[in-house]
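Residue numbers start from 1 in every chain, and the chains themselves are labelled A, B, ... in the order their sequence lines are given, proteins ahead of strands. Side chains included, hydrogens not; waters and symmetry mates left out as well; all remaining heavy atoms used.
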Amino acid sequence: MAQDFQPLNGLLVVDLSQFLAGPYATLRLQDLGARVIKIERPDGGDLTRNLYFSDTVIDGESTVFHAINRGKESLALNLKDPADLARLKALAERADVFVQNFRPGVIERLGLDYATINAINPRTVYCSISGYGPDSPWRDKPGQDLLAQARSGVMWLNGSAGDGPVPFGLAVADMMAGAAAAHGILAALVGRGISGKGAHVETSLLEAMLDLQFEVLATHLNDGGRPPERANFRSAHPALPAPYGVYPTRDGFLAVAMMPIGELADLLDIDALKPFADDQKAWFRQRDRIKEIIAEKFAGETTDHWVSLLEPQGIWVAKVHSWSELLSSEAFRHLEMVQSVRDALGTELSLIRSPVRINGHRGRSSRAAPDIGMDSDAIIAEFGL
Amino acid sequence: MNAPTSSPANLPLEGIRVLDFAQFLAGPYAAMRLADLGADVIKVERPQGGDLCRSLAVADQWLDGDSLLFHSINRNKRSFAANLKDAGDLERVKALIASADVMIHNFRPGVMERIGLGYEVVAALNPKLVYASVTGYGTTGPWRDKPGQDLLAQSLSGITWLQGNASDGPVPVGFALFDIATALNLVQGILAALLRRGRTGAGALLEVDLLSSGMDLQFEQLTCFFNGNRTRPRRTEIANANVYGAAPYGVYATNDGYLAVAMTPLARLADLFELPALGTFEQSDALTRANEIKPLLQSRIAERTTADWLAILEPADVWCAEILDWPALSETEGFAALDMLQTVRNGAGSEATVVQCPIRLDGTRLPSDRGAPALGADTADLLAELGLD
């Protein structure tokens, strides 16, 4: 009954992927109820186990590894060893989903490409994630997040005009590619329910980054290729007019989204804004000037003052939080987005949960990420490998 | 059952009907992705003005009276005009719901219940329906009535302190990242629920919100925060690209552009950049003394061109890349090889170039040249199909 809301119960995912994009996709499938078996090299396993961000280490392994591999099983196999390769192929006969993110060409050399797996099990949905697509002249370049961001043009959307390129402070290309892979896999599984046949689902970091920029990129593509221009002052979106942006207040920062300048002039009682009140074209063309006028006003009072003045009037504003401020809010506790898991050594850690609720429940599993090969014996016995 | 073919004409969601009651970005984006994958997506819109996004322009761009943004996110859909406050229209919409597999809405909590299309009512009408709701901050809690707008959700989530450098204030992401991430989570939830329905016959209630999706995006950094000492992470003074990333991770100015450098051991950097000063640091200093290491690198990198450095670093397998902007990217062979653009045509014959679905299925893209619908363009056809006036 507790499992009732987990829609992917009974599906087996065989996951050869490492780092972030592939494991993020299979984490989502795991959250939705699938059983995920990580295939790892016996010596060292998934390279992310030793990819340290911060000095926070959990039982000798990186926190990122634990965050993204919670609830999965680990089967240690050396894919260059014929006996282990045969074990993997035997497991593939039972797999609903097979995921790999080697650089293009590597999986063929290993003898585990789509054609081979499809011949073993025509019902398997096979997913390949690469950096830049299978036929790209960049196919051999490292499919790493920061580098994919660099090539995608996205760094020119963050920050203001005087800044250089501003990268995201998180692995956005990996996560978007993982999300594309996850929903491509799920759609192919739905299609399999009708056709009985598996499919090859492919995506890449660069494709996912282009999709992510679709809104502003569509503008660029249809107006003669003008590059996006960030506002000189307090930019939060290159294509939106004033007041859209984040403003300093006396004690913090206030975010202000789309709203008519005339309304803002009245509510804030700013005479200098009056000439712009009905001139909609100026809201975009003179956005720096307008934003400077608004900024001067916001600087004079506290964030809470402005939120309590503007929010009841239906104005789209928000306080800019640090994590501590967010975590101490009652609203955050209501979301129940944090869970405790316990790893094999009994260490307890706090991790983010699935962002999707089904019939009112989020996926919850107290199972942590596995040690390398922790489940090998059980899996080999269960599947008769 | 017809023999399946491998052509993209045989898309995985063919035969699935989706009603898109949502406006703006997150809901319509999710519905568009389902359309990309073969679903029949019908927008249910107010007869006066329709989806508010039709009149929300970015960069002041329009196509046949609707914003270009609307066209980019509502391609390959149909439009059914209905006033949900009119009893006759509501009955028509209920008939449409009875014919649907999925419905998506992004009204604030309570609105659909007041209209009479809350989950309980609709589930009684069509027990096989997957009912998906998008909110800003969940359906309970003190923020349930706050506007579910992308920049505001970013601001509340803590993400603005991850971009930029130590001396900057908060730096939001420069477009609707949370809307899109939320939409992707919704798509996954809907597809998973459809899979379960195939097994059990039962529909489902799916809920996603901008803030939860924003927390999920930050999972990597939040995990360090939760399981470390819970102090506010610091961006480096220059070249920040991850608050928990060790030097050199970041973006550096060259003498003619910018270069991104990802994880690389300090000893390798000292060697390749001919920077003996880096040799005095231990690898364990890469995180804790990043503010000493990054300026050394920056001074050295600024001495030469991007091409000079790529010629040294790429053959040595250092993870680095030139920073491209769109004009430069669109000139590259790497971009051409992706085949990510498509032209869509609307009912009036106008064309727009848009990005297509980032997934290939059996080696082929999933293009559709059908543009966004005019408001109510398909109302008559659908009423005829349902046998209604």
Using non-hydrogen atoms only, which part of [X] is less than 4.5 Å away from chain A: side chain, backbone, both, or neither?
X	value
L206(B)	both
W161(B)	side chain
V208(B)	both
A202(B)	neither
A337(B)	side chain
A193(B)	backbone
M340(B)	side chain
I190(B)	neither
E207(B)	both
I359(B)	both

Among the options [options], pick out the one with the most heavy-atom pairs lying under 4.5 Å from chain A.
options	value
L184(B), T160(B), L34(B)	L184(B)
A352(B), G141(B), A192(B)	A192(B)
Q218(B), E314(B), Q221(B), R235(B)	Q221(B)
D150(B), V130(B), L156(B)	L156(B)
A262(B), G164(B), G189(B)	A262(B)
D325(B), T353(B), L162(B), T140(B)	T353(B)

Relative to chain B, which segment of [X] carries a heavy atom at a distance below 4.5 Å: side chain, backbone, both, or neither?
X	value
L254(A)	neither
S152(A)	backbone
W316(A)	both
I185(A)	neither
S235(A)	backbone
M209(A)	neither
V166(A)	side chain
E330(A)	both
E311(A)	side chain
V317(A)	backbone

Most heavy-atom pairs under 4.5 angstrom with chain B, which of [options]?
options	value
G153(A), P134(A), P248(A), A150(A)	A150(A)
W323(A), W138(A), F168(A)	W323(A)
S204(A), G252(A), A199(A), A188(A)	A199(A)
S329(A), S350(A), A181(A), A218(A)	S350(A)
Y114(A), Y132(A), Y244(A), F332(A)	Y244(A)
R333(A), Q213(A), R230(A)	Q213(A)

Would you call the rings of W326(B) and H220(A) parallel, tilted or perpendicular if under 30° counts as parallel and over 60° as perpendicular?
tilted
From [X] [atom1] over to [Y] [atom2], what is the distance, rounded to the nearest 0.5 angstrom?
X	Y	atom1	atom2	result
L32(A)	R28(A)	CG	CZ	7.5 Å
E220(B)	I68(A)	CD	CD1	8.0 Å
L206(A)	K141(A)	CG	NZ	12.0 Å
N242(B)	L170(A)	CG	CG	7.5 Å
R196(B)	N359(A)	CZ	CG	5.0 Å
T203(A)	M176(A)	OG1	CE	11.5 Å

Would you check if the side chain of [X] reaches a backbone N or O of [Y] as a donor-acceptor pair within less than 3.5 Å?
X	Y	answer
Y137(B)	P147(B)	yes
R144(B)	T139(B)	yes
Q163(B)	G169(A)	yes
S213(B)	L210(B)	no
N165(B)	A239(B)	yes

For [X] and [Y], which heavy atoms make the closest approach, and how far apart are they?
X	Y	result
A171(A)	L20(A)	CB-CD1, 3.9 Å
T219(A)	D223(A)	O-OD1, 3.0 Å
L151(B)	Q149(B)	N-OE1, 2.8 Å

With a 4.0 Å cut-off, would you call D339(B) and R360(B) a salt bridge?
no
List in chain and number order the residues that pass salt bridge (Lys or Arg N to Asp or Glu O under 4.0 Å) with D36(B), two or more places apart in sequence or in another chain; answer none if no residue qualifies.
R33(B), R75(B)
Would you indicate whether the side-chain heavy atoms of L210(A) and L329(B) approach each other to under 4.5 Å?
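Yes, side chains in contact.
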